[in-house]
A.B. asks: 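Handing you this structure, nothing more for now.
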Amino acid sequence: KAGVTQTPRYLIKTRGQQVTLSCSPISGHRSVSWYQQTPGQGLQFLFEYFSETQRNKGNFPGRFSGRQFSNSRSEMNVSTLELGDSALYLCASSLASGSGNTIYFGEGSWLTVV
Amino acid sequence: SQQGEEDPQALSIQEGENATMNCSYKTSINNLQWYRQNSGRGLVHLILIRSNEREKHSGRLRVTLDTSKKSSSLLITASRAADTASYFCATDRTGNQFYFGTGTSLTVIP
């Protein structure tokens, strides 16, 4: 069974640009969540989608948005990029939304903003 | 802000020794999970312990949970060089919104 797939793996963007990251969950998983990992802040929750609906949202500015498609694939978008957005963005999927679920992570997308 | 703190921040041991890392968290939880992350890679799930459980084993891993102290520990027995990684605890309160600790960087010296 294929794991969580994230694309692209590496990208470099310029301040002010926008970026879209893609995530394909494990087959059959309907929940997709996104995390940002930086050396300073560690792993921080961005948002979770389940059945195309945003279930939870972390404490990030509105420049960070996401969506989920009917096939459970998800995208996250960051607009007006800032240097501080440089990070490893991790997508995770699980069968369901709710407490007690194990989430399975992809390898991440490394974003560098210059 | 992060929910948990791991202790120690870094740990270096010889192959074959046991490694113990601790996690403390701030609020009540439903479950606590441990993950491993190799440098620059995604996180790999190791074990889940529910709030009504006190101890759980999986292979060379042993996890304990003390909800009264809001703490958990992960013991890796008979460590191997391949265990070199960062280890994170994660707690959940609502849905799949996990709060991760700061991580313990484990180095196992062959």
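Every chain is numbered from 1, with letters handed out A, B, ... down the list of sequences. Note: hydrogens, waters and symmetry copies are ignored here, and every other heavy atom, side chains too, is used. As the structure is a prediction and not an experimental result, all values here were calculated from the model.
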A.B. asks: So B:His45 and A:Ile103, do their side chains get closer than 4.5 Å, heavy atoms only?
C.D. replies: no
A.B. asks: Test side chain to side chain contact (heavy atoms under 4.5 Å, CB included) on B:Gln97 and A:Arg55 and set out the steps.
C.D. replies: CA-CA 9 Å; B:Gln97 182 171 355; A:Arg55 284 295 182 93; over 6 Å; no
A.B. asks: Between B:Arg50 and chain A, which part of the residue has a heavy atom less than 4.5 Å away: side chain, backbone, both or neither?
C.D. replies: side chain
A.B. asks: Would you say that A:Thr102 contacts B:Tyr35 through its side chain, given a criterion of any heavy-atom pair below 4.5 Å between the two side chains?
C.D. replies: yes
A.B. asks: Do B:Asn31 and A:Asn101 touch side chain to side chain, with heavy atoms closer than 4.5 Å?
C.D. replies: no
A.B. asks: B:Val44 versus A:Phe105: any side-chain heavy-atom pair under 4.5 Å?
C.D. replies: no
A.B. asks: Closest heavy-atom contact between B:Arg41 and A:Glu107?
C.D. replies: NE-OE1, 2.6 Å
A.B. asks: Report yes or no: does A:Tyr35 contribute a side-chain atom to a donor-acceptor pair with the main-chain N or O of B:Phe98 at less than 3.5 Å?
C.D. replies: yes
A.B. asks: Can you tell me which portion of A:Ala96 sits under 4.5 Å from chain B's heavy atoms? Options are side chain, backbone, both or neither.
C.D. replies: backbone
A.B. asks: With only heavy atoms counted, which part of B:Leu48 is less than 4.5 Å from chain A, the side chain, the backbone, both or neither?
C.D. replies: side chain
A.B. asks: Can you measure from OH (B:Tyr99) to CZ (A:Phe45) and round to the nearest 0.5 angstrom?
C.D. replies: 8.0 Å
A.B. asks: Select, from A:Trp110, A:Phe47, A:Tyr104, A:Phe50, the one with the greatest count of heavy-atom pairs under 4.5 Å involving chain B.
C.D. replies: A:Trp110
